[in-house]
There are 2 protein chains.
Amino acid sequence: MARGDRRPTLETVAVRAGVSRATVSRVINDQPVAGPSRRAVERAIADIGYVPNQAARSLVTQRTGLIALVLPEPSTRVFSDDQFFPRLIQGVSQELETADEQLVLMLAGSTASRDRIQRSAVAGRVDGVMLASLHGADPLAAALAKSGIPVVGNERVLGSVEVPSVGVDNRGGARAAVEHLVSRGRRRIATIAGPLDMIAGIDRLDGYFDAIAGTQEPVVAQGDFTRESGEAAMERLLDEHPGVDAVFAASDLMAEGAMQVLRHAGFRVPEDVAVAGFDDITRAACTDPPLTTVRQPIGALGRHLAAQLLNLISGNAVEPARTLPTDLILRDST
Amino acid sequence: MARGDRRPTLETVAVRAGVSRATVSRVINDQPVAGPSRRAVERAIADIGYVPNQAARSLVTQRTGLIALVLPEPSTRVFSDDQFFPRLIQGVSQELETADEQLVLMLAGSTASRDRIQRSAVAGRVDGVMLASLHGADPLAAALAKSGIPVVGNERVLGSVEVPSVGVDNRGGARAAVEHLVSRGRRRIATIAGPLDMIAGIDRLDGYFDAIAGTQEPVVAQGDFTRESGEAAMERLLDEHPGVDAVFAASDLMAEGAMQVLRHAGFRVPEDVAVAGFDDITRAACTDPPLTTVRQPIGALGRHLAAQLLNLISGNAVEPARTLPTDLILRDST
DNA sequence: CTGAAAGCGCTTACAG
DNA sequence: CTGAAAGCGCTTACAG
């Protein structure tokens with residue numbers, strides 16, 4: 001079909017099949033239609049290559065068939081190598097598959113793009129929004145929730161507005177990792193924390209505090225989940241706290257960076273300093289030595305996020321906050 | 001606004017402002033309206049938090065304000081660390097910004113998702129589609145083009161259907177890199193090729209052939225642009241062609257992998273074996289030694305892609321294939 | 001099972 | 001500049 005031709009409409013199909021528009025509509029929507037009419041319609045649709053106009057459908061059904069996953073990050077971090085987003089997306093897609101909804105990704109790195117996304121969502125361009133890896137009390141979350149469009153957050157959403165969320169047990173996972181270090185006899189356990197404007201950063205640090213409470217002085221170096229920040233943090237730790245005999249990093253990438261710095265500084269892992277991470281990225285099994293870490297079920301996280309959003313869209317009740325369990329994976333670095 | 005409330009419509013605003021719906025529509029669309037009416041409408045809009053229903057607008061304007069960037073890859077490769085996609089997206093966004101179009105990313109990793117995306121596009125859910133990093137003669141490109149929806153491809157699109165495209169000078173860039181190796185006196189230059197079902201893979205290999213034509217025997221090891229594939233390819237080269245004194249890798253990641261294998265095998269770069277890459281990823285400047293490579297203007301690529309698509313949507317003429325120049329960046333690895 | 005008709009919420013000639 | 005009216009292309013009670 002050349003551009004500029006008007007696309008065929010329901011009417012075109014109806015005329016060709018010798019039935020009413022209502023009947024064509026019913027065939028398209030899988031509603032009961034007598035065999036002969038059905039076949040005539042299906043044939044006409046195939047002959048002229050009819051595809052229903054989505055705007056017209058949306059106008060009456062109030063549904064678009066589009067679900068947005070909003071990634072509130074500059075695109076460079078979204079497309080990093082920690083495999084969080086691809087796995088999350090895979091889980092989300094899997095769940096959406098069954099609901100015949102199309103996933104669209106929207107990057108909300110700049111203020112302009114955030115405004116645009118907010119307007120899009122409120123204008124009804126999508127049926128619902130999933131917010132991933134929020135920082136702080138993101139006004140986008142509040143604005144969307146207030147406008148009444150279905151929205152769920154990955155991890156608890158900070159701020160006054162209630163937004164249903166699905167997260168993983170960051171705190172429990174971190175506590176388990178650090179308790180394991182304690183049980184191995186480590187007496188001076190430091191942590192390399194993630195960004196403290198994100199739930200994952202906050203909760204993993206709290207888990208560390210939980211585990212050493214009352215028995216050790218906390219030693220905290222700040223990172224931002226990236227490998228580079230892990231290296232820098234480890235250098236600071238070696239400088240300022242030379243007695244440290246174990247490190248719990250709030251991400252595997254930071255743990256990797258820390259191990260490299262330790263090695264270069266002449267320390268053996270785990271003999272001199274034990275290292276544990278968080279995430280269980282693929283590479284964690286093949287670092288030297290293989291990394292003890294906390295596995296979070298990212299695929300399941302994506303599936304639950306999508307499921308909760310679909311519930312919300314259908315008007316079903318949803319839990320305000322669902323938490324998925326994490327697992328301590330023991331390897332040779334501790 | 002609680003869920004379930006009907007959102008306000010043009011009518012609501014019109015009544016409140018004491019004007020007709022047409023006037024409200026004109027205010028929203030920035031058409032001439034007398035001062036007092038305009039102010040009354042703006043006020044009413046603000047008071048009740050009115051946002052136009054996008055489906056209704058689309059139905060009459062035949063525009064959605066949505067542009068899709070389709071990434072025909074399993075999400076794991078899209079979210080890799082070669083920085084191609086984030087930079088491309090940044091360029092695309094920049095251009096779209098001016099046109100008031102919202103970018104949505106659609107991942108086309110599976111057959112199911114490809115079908116879904118095709119139907120979405122044809123159903124008019126988006127105003128146009130940009131296809132990135134196509135493999136082979138992708139049927140998605142053909143199907144979209146045939147259905148008449150505006151579509152542009154990143155790199156020439158293989159197959160019978162004509163799809164306008166924007167690409168970079170892969171062949172010229174590769175030729176320049178290999179000619180540089182020749183000029184440095186290298187007499188046995190191998191290449192680690194990219195996937196040969198992609199234009200970038202094919203053209204970079206052809207550039208290599210161009211440069212050594214008639215003077216050296218080609219030595220080709222197959223890779224797939226990833227670092228791991230570069231390592232494997234380099235190991236094979238060392239095994240089967242121990243005399244090689246230079247390697248042109250069709251991606252920086254593969255070049256990195258190759259350099260590591262060379263170092264472990266006891267070869268010095270560039271003294272024993274020179275290595276050149278393609279892409280100029282950020283890390284290329286800080287490898288050991290810094291990598292000679294071909295820089296491709298990815299941001300510009302994104303901008304041109306978006307610009308061509310916008311042209312197509314506006315019904316303007318577009319060049320069938322635009323090629324952006326690449327630059328040889330000399331560093332210490334050659 | 002099927003059709004005529006109303007209606008979803010906008011935009012846009014057409015008059016005035 | 002402004003309004004009444006038609007129309008974009010569907011779905012869905014409502015009758016039959």
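Scope of the values below: all heavy atoms of this structure, side chains included, with no hydrogens, waters or symmetry mates.
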Please enumerate all residues that pass side chain to side chain donor-acceptor pair (under 3.5 Å) together with [X], with sequence neighbours excluded.
| X | value |
| --- | --- |
| A/R114 | A/D138 |
| A/T64 | A/D127 |
| A/R57 | A/N29 |
| A/R303 | none |

Task: Strand-adjacent residues in residues 19-29 of chain A, judged by heavy atoms under 4.0 Å from DNA chain D - done: A/R21, A/A22, A/S25, A/R26, A/N29
Task: Sorted by number, the residues of residues 53-67 of chain B with heavy-atom contact under 4.0 Å to DNA chain D - done: B/L59, B/V60, B/Q62
Open item on the list: Give me each pair satisfying salt bridge (charged side-chain N to carboxylate O under 4.0 Å, His left out) with a member in residues 148-160 of chain B, each pair once, sequence neighbours excluded.
Closed with: B/R156-B/D203
TODO: Output the distance between atom CD1 (A/I67) and atom CD1 (A/I313), rounded to the nearest 0.5 Å.
DONE: 3.5 Å
Task: Backbone N/O of B/L66 and side chain of B/R125: donor-acceptor pair under 3.5 Å - done: no
Open item on the list: Determine whether a donor-acceptor pair (N or O, by modelled atom type, separation under 3.5 Å) exists between the side chain of B/S165 and the backbone of B/N154.
Closed with: no
Open item on the list: Checking B/A56 now: which residues fulfil side chain to side chain contact (heavy atoms under 4.5 Å, CB included) with it, not counting sequence neighbours?
Closed with: A/L59, B/N53
Task: Partners meeting side chain to side chain contact (heavy atoms under 4.5 Å, CB included) with B/R116 (sequence neighbours left out) - done: A/E97, A/D100, A/Q102, B/R119
TODO: Treat a base pair as Watson-Crick or G-U wobble with both distances under 3.5 Å, then lay out DNA chain C in dot-bracket form, 5' to 3', with | for cross-strand pairs.
DONE: |||.||||||||.|||
Below 3.5 Å, can you tabulate the donor-acceptor pairs from side chains in residues 30-51 of chain A to any protein atom, sequence neighbours excluded?
{"from": "A/R38", "atom 1": "NH2", "to": "A/Q31", "atom 2": "O", "distance (Å)": "2.9"}
{"from": "A/D47", "atom 1": "OD2", "to": "A/R16", "atom 2": "NH2", "distance (Å)": "3.4"}

Task: C/dA6 and C/dT2, which share atom name P, separated by this distance in whole Å - done: 22 Å
Open item on the list: With heavy atoms of chain A within less than 4.0 Å as the criterion, where does contact along DNA chain C begin and end?
Closed with: C/dC1 to C/dG9
- [ ] Take B/I28 and B/L10 through the side-chain contact (heavy atoms from CB on, under 4.5 Å) test and state the conclusion after the steps.
- [x] CA-CA 10 Å; B/I28 292 168; B/L10 253 201; 3.9 Å; yes
